[in-house]
Undergrad: 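Sharing a structure here in structure tokens format.
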Amino acid sequence: MSTVEARTCLVTGAGRGIGRAVARRLSEQGHRVALTARSVDQLTEVAGELPGPPLVVAADLTSADGVERVFHTVEQQWGPVEVLVASAGAGTSAPLMHTTDEEWQRMLELNLTAPFRCLRRAVPGMVDRGWGRIVVVASVAAKRGERYVSAYTASKHGVLGLVRATASELARSGVTANAVCPGYVDTPMTKGTVATISERTGRSEEEAMQVLQAAQPIGRLVTPEEVADAVSFCLSNPAVTGQGINVDGGAVQS
Ligand SMILES: NC(=O)c1ccc[n+]([C@@H]2O[C@H](COP(=O)([O-])OP(=O)(O)OC[C@H]3O[C@@H](n4cnc5c(N)ncnc54)[C@H](OP(=O)(O)O)[C@@H]3O)[C@@H](O)[C@H]2O)c1
């Protein structure tokens, strides 16, 4: 347990993968951590792993009511959210010409509109207190375009734009807004990507995994804990705002 001031944190997508690692890290640092995602069983499991006090609020964040209910519940229990980590998200892949309106819309709703609504809801309380930290888990897909992920890439470029604009607007308020931009991380989402590659190409899952590992200069997947390290850094340094910090084994140099 560190000696940092205990803050009220909300982690979206906290049921597994990156959000789970971030929730654990914040709790180990002595903060109060509220966990949200749709699957209450996964959230309850993560809550059981935390050394500090957990709060589980299951919600679908693609609904405006869901976002409102999460913030309202945290405020009722603990007061305003001081640290928001928006990790909930998902990917999809298809060639541009086969990307349906439904998939396009799903990516924008989950990866862009949901974080927008969370930031919009979190910011007034942070500005009132003169202190706040916002970290959105974006992707290297926020920094460059790749084949077969146009909808995901557009949503992640969009959310990085949202973070940059928010940081500019709040620069003198004591509130910082940053994104972390991971490459392939060892999470259930990447297991799904491996299964899709295997299904579509006829490669074994092991071969598909090797393709993803080789896509990163370090030759391996990033760990969720390495992403949590970058999130933690964003929380600790008030001079870092408006950044998209790559945690991608050197794939994008910017
Ligand atoms: N894994 C990677 O290689 C990678 C790389 C770059 C960026 N990212 C980004 O990192 C973030 C986390 O990815 P991950 O790998 O940790 O994914 P993951 O293991 O699939 O976890 C995603 C989390 O988001 C939640 N979620 C999904 N849809 C939701 C919804 N409609 N409402 C509320 N919660 C929802 C999921 O819970 P429920 O399904 O129970 O709702 C889950 O807790 C995503 O934004 C992703 O785009 C991942």
Side-chain angles (χ1 to χ4, degrees), residues 10-25 34-47 56-71 84-93 105-118 135-144 146 149 151-160 162-163 179-197 208-209 211-213 215-216 218 220-228 230-231 244-249 251-252:
L10 171 62
V11 180
T12 79
R16 51 182 193 263
I18 294 168
R20 179 183 193 156
V22 169
R24 268 200 301 245
R25 179 66 55 88
L35 312 165
T36 190
R38 291 167 302 180
S39 312
V40 72
D41 51 334
Q42 293 184 357
L43 294 173
T44 305
E45 196 181 316
V46 176
V56 167
V57 197
D60 184 343
L61 296 175
T62 59
S63 117
D65 288 351
V67 171
E68 178 52 37
R69 193 161 50 74
V70 170
F71 277 86
L84 169 66
V85 182
S87 187
T92 187
S93 67
Q105 208 53 45
R106 189 172 76 88
M107 286 295 101
L108 294 187
E109 288 284 329
L110 179 57
N111 295 335
L112 180 54
T113 304
F116 157 68
R117 288 188 178 128
C118 289
V135 185
V136 174
V137 182
S139 168
V140 286
K143 298 281 187 78
R144 71 176 186 196
E146 285 185 17
V149 281
Y152 181 72
T153 302
S155 70
K156 292 296 186 179
H157 272 64
V159 85
L160 181 56
L162 169 71
V163 164
V180 295
C181 299
Y184 288 109
V185 186
D186 188 5
T187 72
M189 177 173 159
T190 297
K191 286 194 180 71
T193 305
V194 164
T196 304
I197 293 173
M209 179 60 89
V211 170
L212 299 191
Q213 288 166 341
Q216 299 175 124
I218 57 173
R220 63 168 175 83
L221 300 186
V222 172
T223 68
E225 290 70 28
E226 287 167 334
V227 183
V231 171
I245 298 171
N246 302 333
V247 190
D248 63 352
V252 174

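Order of appearance sets the numbers: ligands from 1, and atoms from 1 within every ligand. Positions are given from 1, in the same order as the sequence printed here. Hydrogens, waters and symmetry mates are skipped; everything else that's a heavy atom, side chains included, is used.
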Undergrad: Which pairs of donor and acceptor atoms, one on a side chain in residues 188-196, lie under 3.5 Å apart (sequence neighbours left out)?
TA:
{"residue": "Thr190", "atom": "OG1", "partner": "Val185", "partner atom": "O", "Å": "2.6"}
{"residue": "Thr193", "atom": "OG1", "partner": "Met189", "partner atom": "O", "Å": "3.1"}
{"residue": "Thr196", "atom": "OG1", "partner": "Gly192", "partner atom": "O", "Å": "2.9"}

Undergrad: To which protein heavy atom is atom 45 (O) of ligand 1 closest, and what is the distance rounded to 0.1 Å?
TA: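 Going by distance alone, atom 45 (O) of ligand 1 is nearest to Lys156 NZ, 2.9 Å.
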Undergrad: Got Met209 and Leu221 here, is their nearest side-chain heavy-atom distance under 4.5 Å?
TA: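 Counting from C-beta outward, Met209 and Leu221 do come under 4.5 Å.
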Undergrad: So which protein heavy atom does atom 32 (N) of ligand 1 come closest to, and at what separation?
TA: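 So the nearest neighbour among protein heavy atoms is Leu61 N, 2.9 Å.
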Undergrad: Which ligand 1 atoms are under 4.0 Å away from a heavy-atom of Ser39?
TA: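 Answer, ordered by atom number: 38 (P), 40 (O).
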Undergrad: I'd like to check Val231 versus Arg25 (side-chain heavy atoms, cut-off strictly below 4.5 Å). Are they in contact?
TA: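 No; the side chains remain at least 4.5 Å from each other.
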Undergrad: A side-chain contact here means heavy atoms from C-beta on lying under 4.5 Å apart; do Met107 and Lys156 qualify?
TA: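 SC-SC contact between Met107 and Lys156 ruled out.
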Undergrad: What residue and atom, counting heavy atoms only, is the protein's closest point to atom 44 (C) of ligand 1, and at what distance?
TA: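 Going atom by atom, the protein heavy atom closest to atom 44 (C) of ligand 1 ends up being Ser87 O, 3.2 Å.
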Undergrad: Could you walk me through whether Arg220 and Asp186 pass the side chain to side chain contact (heavy atoms under 4.5 Å, CB included) test, one step at a time?
TA: CA-CA 9 Å; Arg220 63 168 175 83; Asp186 188 5; over 6 Å; no
Undergrad: How far is atom 26 (N) of ligand 1 from its nearest protein heavy atom, and which residue and atom name does that atom have?
TA: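 Closest protein heavy atom to atom 26 (N) of ligand 1: Ala88 CB, 4.0 Å.
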Undergrad: Atom CG of Leu43 and atom CZ of Arg16: how far apart are they, to the nearest 0.5 Å?
TA: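 Leu43 atom CG to Arg16 atom CZ measures 9.5 Å (nearest 0.5 Å).
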Undergrad: Pull out every atom of ligand 1 sitting under 4.0 Å from any heavy atom of Ile18, numbered as shown with elements.
TA: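 In order of numbering, the contacting atoms are 10 (O), 16 (O), 48 (C).
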Undergrad: Does ligand 1 have a heavy atom under 4.0 Å from the side chain of Asp60, from its backbone, from both, or from neither?
TA: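 Both of them.
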Undergrad: In terms of atom number and element, which parts of ligand 1 are under 4.0 angstrom from non-hydrogen atoms of Val137?
TA: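 Within the 4.0 Å cut-off of Val137, ligand 1 contributes 9 (C), 10 (O), 11 (C), 45 (O).
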Undergrad: Pick one of side chain, backbone, both or neither for how Cys181 approaches ligand 1, counting any non-hydrogen atom pair under 4.0 Å.
TA: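 Neither; no heavy atom under 4.0 Å.
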Undergrad: Within the 3.5 Å criterion, strictly below it, is a donor on Ser63 or Asp65 matched to an acceptor on the partner's side chain?
TA: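 No donor-acceptor contact under 3.5 Å links the two side chains.
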Undergrad: Using 0.5 Å steps for rounding, measure from the CG atom of Leu112 to the CG atom of Leu160.
TA: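 Rounded to the nearest 0.5 Å, the CG-CG separation comes to 11.0 Å.
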Undergrad: Quick one, Val22 and Ser87 - any side-chain contact, counting heavy atoms below 4.5 Å?
TA: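 No, their side chains stay 4.5 Å or more apart.
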Undergrad: Counting only N and O atoms by type, is there a donor-acceptor contact under 3.5 Å from the side chain of Arg69 to the main-chain atoms of Ala58?
TA: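 Flag set: sc Arg69 to bb Ala58 pair under 3.5 Å.
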Undergrad: Where on Arg20 is there a heavy atom closer than 4.0 Å to ligand 1, on the side chain, on the backbone, on both, or on neither?
TA: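 The answer is neither; Arg20 stays 4.0 Å or more away.
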Undergrad: Among protein heavy atoms, which lies nearest atom 39 (O) of ligand 1, and at what distance?
TA: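 Protein heavy atom with the smallest distance to atom 39 (O) of ligand 1: Arg38 NH2, 2.9 Å.
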Undergrad: Taking the side chain as every heavy atom from C-beta outward, state whether Glu146 and Thr153 have any pair of such atoms under 4.5 Å apart.
TA: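 With C-beta onward as the side chain, the pair stays apart.
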Undergrad: Is there a nitrogen or oxygen of Ala90 sitting under 3.5 Å from a nitrogen or oxygen of ligand 1?
TA: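 Looking only at distances, the answer is no, because the N/O contact criterion of under 3.5 Å is not met.
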Undergrad: Side chain, backbone, both or neither: which applies to Ala138 and ligand 1 if a contact is any heavy-atom pair less than 4.0 Å apart?
TA: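 Answer for Ala138: backbone.
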Undergrad: Judged on heavy-atom distance to atom 22 (C) of ligand 1, which of Ala14, Gly192, Gly89 sits nearest?
TA: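 Among Ala14, Gly192, Gly89, the closest heavy atom to atom 22 (C) of ligand 1 belongs to Gly89.
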Undergrad: Does an N or O anywhere in Thr190 fall below 3.5 Å from an N or O of ligand 1?
TA: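 Yes, there is a polar N/O contact under 3.5 Å.
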Undergrad: Quick one: look up the protein heavy atom nearest atom 20 (O) of ligand 1 and list residue, atom name and how far away it is.
TA: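 Its nearest protein heavy-atom neighbour is Arg16 NE, 3.3 Å.
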Undergrad: Answer yes or no: is there a side-chain heavy-atom contact under 4.5 Å between Leu84 and Cys118?
TA: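 Yes, at least one pair of side-chain atoms sits under 4.5 Å.
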Undergrad: For atom 6 (C) of ligand 1, state which one of Pro182, Ala37, Ala114 supplies the nearest heavy atom.
TA: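 Result: the heavy atom closest to atom 6 (C) of ligand 1 is in Pro182.
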Undergrad: Using a strict 4.0 Å cut-off to heavy atoms of Gly15, name the atoms of ligand 1 that fall inside it.
TA: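 Answer, ordered by atom number: 43 (O).
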Undergrad: Out of all atoms in ligand 1, which are within 4.0 Å of some heavy atom of Tyr184? Include the element for each.
TA: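 This gives 3 (O) as the contact atoms.
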Undergrad: Which atoms of ligand 1 have any heavy atom of Thr62 under 4.0 Å away?
TA: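 Near Thr62, the atoms of ligand 1 are 31 (N).
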Undergrad: Tell me which part of Leu110 gets within contact of ligand 1: side chain, backbone, both or neither, using heavy atoms under 4.0 Å.
TA: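 The answer is the side chain.
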Undergrad: What are the atoms of ligand 1, with element, lying closer than 4.0 Å to any heavy atom of Ala59?
TA: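 What qualifies from ligand 1 is 32 (N), 33 (C).
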Undergrad: Of all the atoms in ligand 1, which lie at a distance below 4.0 Å from a heavy atom belonging to Pro188?
TA: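 Those atoms are 19 (O).
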Undergrad: Check for me whether Pro224 has a heavy atom closer than 4.0 Å to any atom of ligand 1.
TA: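 Pro224 does not count as a contact of ligand 1 under the 4.0 Å cut-off.
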Undergrad: With heavy-atom distances below 4.5 Å as the criterion, would you say the side chains of Val70 and Leu10 are in contact?
TA: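 Yes, side chains in contact.
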Undergrad: Are any of the side-chain heavy atoms of Arg20 and Gln42 separated by less than 4.5 Å?
TA: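 Not touching, per the 4.5 Å side-chain cut-off.
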Undergrad: For atom 13 (O) of ligand 1, what is the closest protein heavy atom, and at what distance to 0.1 Å?
TA: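 Result for atom 13 (O) of ligand 1: Met189 SD, 3.8 Å.
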Undergrad: At what distance is the nearest protein heavy atom to atom 47 (O) of ligand 1, and which residue and atom is it?
TA: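 The closest one turns out to be Tyr152 OH, 2.7 Å.
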